[in-house]
Amino acid sequence: MNIIMLGPPGAGKGTQAKFISGKFSLPHISTGDMLRDEMERKTDLGKKVEEIINAGKLVKDDLMVAIIKKRLSQPDTKSGFILDGFPRTVSQARSLDEILKSMGKRIEFVLYVEVSEDVIVKRLSSRRICPKCGRVYNIISNPPHDDNLCDVCHASLIIRRDDKPETVRNRYRVYLDLTLPVIEYYRKRNVLFTIDGTLPVEKVKDMVLNILGGAK
Ligand code: AMP
């Protein structure tokens with residue numbers, strides 16, 4: 001199954017992608033996680049994208065396409081994958097089509113998790129991340145057991161630099177300008193499924209399973 005998760009930052013794409021990944025044993029390919037990993041390891045790529053990411057802007061299409069092309073050529077994507085955070089522009093979507101075509105593959109499901117801007121700003125400002133294992137918490141709806149410590153590795157949780165309210169608004173504007181057209185791109189191909197991302201996580205999971213046709 002070749003799946004794309006679409007939706008604004010903070011819609012819960014990552015949470016659902018992780019769930020699908022576990023359920024169907026498919027690799028979860030998050031371009032944001034890949035770039036943050038490069039930043040943490042202070043690689044050339046990481047240094048190149050740091051400023052762009054922290055400002056809530058988008059990394060250049062050709063760079064992102066090269067990254068995803070390399071990732072999709074790895075053997076673990078043979079029976080499918082979940083893309084989370086890519087494509088973010090129509091140009092990226094077109095390039096993805098070409099890459100997949102050359103591999104004899106195509107996108108089968110585009111899950112669009114829909115959430116309004118106000119909900120997103122609220123959600124992201126209460127989002128906390130474990131710097132060690134990447135587990136995601138929300139201090140209001142999904143807090144850790146111990147104040148500000150990861151339940152699994154007990155590291156102090158951090159706020160992503162691009163989750164500051166002013167950067168979140170910037171990311172949302174970028175999303176409206178560049179990523180909403182991607183939703184229309186897939187709608188025309190009849191592979192788009194819209195999910196209400198304001199529903200409780202478990203309910204969203206059920207809807208995802210209904211669409212993908214699996215039993216929980
Ligand atoms: P995310 O974790 O998906 O919200 O991504 C964090 C940041 O990484 C974004 O705000 C962008 O700066 C960058 N990024 C991730 N994926 C892409 C992409 N497909 N195209 C351009 N920039 C991206």
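Both counts, for ligands and for their atoms, begin at 1 and track the order of listing.
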_Is it the case that the side chains of Asp162 and Thr167 hold a donor-acceptor pair, with the cut-off being a distance below 3.5 Å and no angle test?_
no
*Is atom CZ of Arg106 surrounded by more than 12 heavy atoms (other residues, nucleotides or ligands) closer than 6.0 Å?*
no
*asked:* Any nitrogen or oxygen of Pro9, side chain or backbone, less than 3.5 Å from one on ligand 1?
replied: no
_Using a 4.0 Å cut-off to any heavy atom of Arg171, which atoms of ligand 1 qualify?_
4 (O)
*Give the numbers and elements of all ligand 1 atoms closer than 4.0 Å to a heavy atom of Arg160.*
1 (P), 2 (O), 4 (O), 6 (C)
*Reported CG-to-CE distance for the pair Asp196 and Met207, which is rounded to 0.5 angstrom*: 6.5 Å
*Which residue owns the protein heavy atom closest to atom 22 (N) of ligand 1, what's the atom, and how far is it?*
Val59 N, 3.1 Å
*Ring centroid separation Phe193 to Tyr112 under 6.0 Å*: no
*Check Lys13 against ligand 1 and report side chain, backbone, both or neither, counting heavy atoms closer than 4.0 Å.*
neither
*asked:* Using a 4.0 Å cut-off to any heavy atom of Met64, which atoms of ligand 1 qualify?
replied: 16 (N), 17 (C), 18 (C), 19 (N), 20 (N), 21 (C)
*Check each heavy atom of Arg36 against ligand 1 and say whether those closer than 4.0 Å belong to the side chain, the backbone, both or neither.*
side chain
*Kindly check if the number of other-residue, nucleotide or ligand heavy atoms within 6.0 Å of NZ (Lys105) is above 12?*
yes
*Is any N or O atom of Lys57, backbone or side chain, closer than 3.5 Å to an N or O atom of ligand 1?*
yes
*Please state which part of Leu35 comes within less than 4.0 Å of ligand 1, counting heavy atoms only: side chain, backbone, both or neither.*
side chain
*Quick one: does Arg88 get an N or O within less than 3.5 Å of an N or O on ligand 1?*
yes
_Atom pair CD1/CG of Ile67 and Leu72 - distance to nearest 0.5 Å_ = 12.0 Å
*Give the residue, atom name and distance (to 0.1 Å) of the protein heavy atom nearest atom 16 (N) of ligand 1.*
Thr31 OG1, 2.8 Å
*Using a strict cut-off of 4.0 Å, indicate which atoms of ligand 1 neighbour a heavy atom of Gln92.*
18 (C), 19 (N), 20 (N), 21 (C)
*What protein heavy atom sits nearest atom 19 (N) of ligand 1, and how far off is it?*
Gly85 O, 2.9 Å
*In Å and rounded to the nearest 0.5 Å, what is the CD to NE2 distance from Gln16 to His28?*
11.0 Å
_Interatomic distance, Asp97 atom CG to Tyr186 atom OH [nearest 0.5 angstrom]_ = 5.5 Å
*asked:* Check this for me - ligand 1, Asp84, N or O atoms closer than 3.5 angstrom, yes or no?
replied: no
*Among Ile3, Thr194, Ile195, which residue meets the side-chain contact (heavy atoms from CB on, under 4.5 Å) test with Ile211?*
Ile195
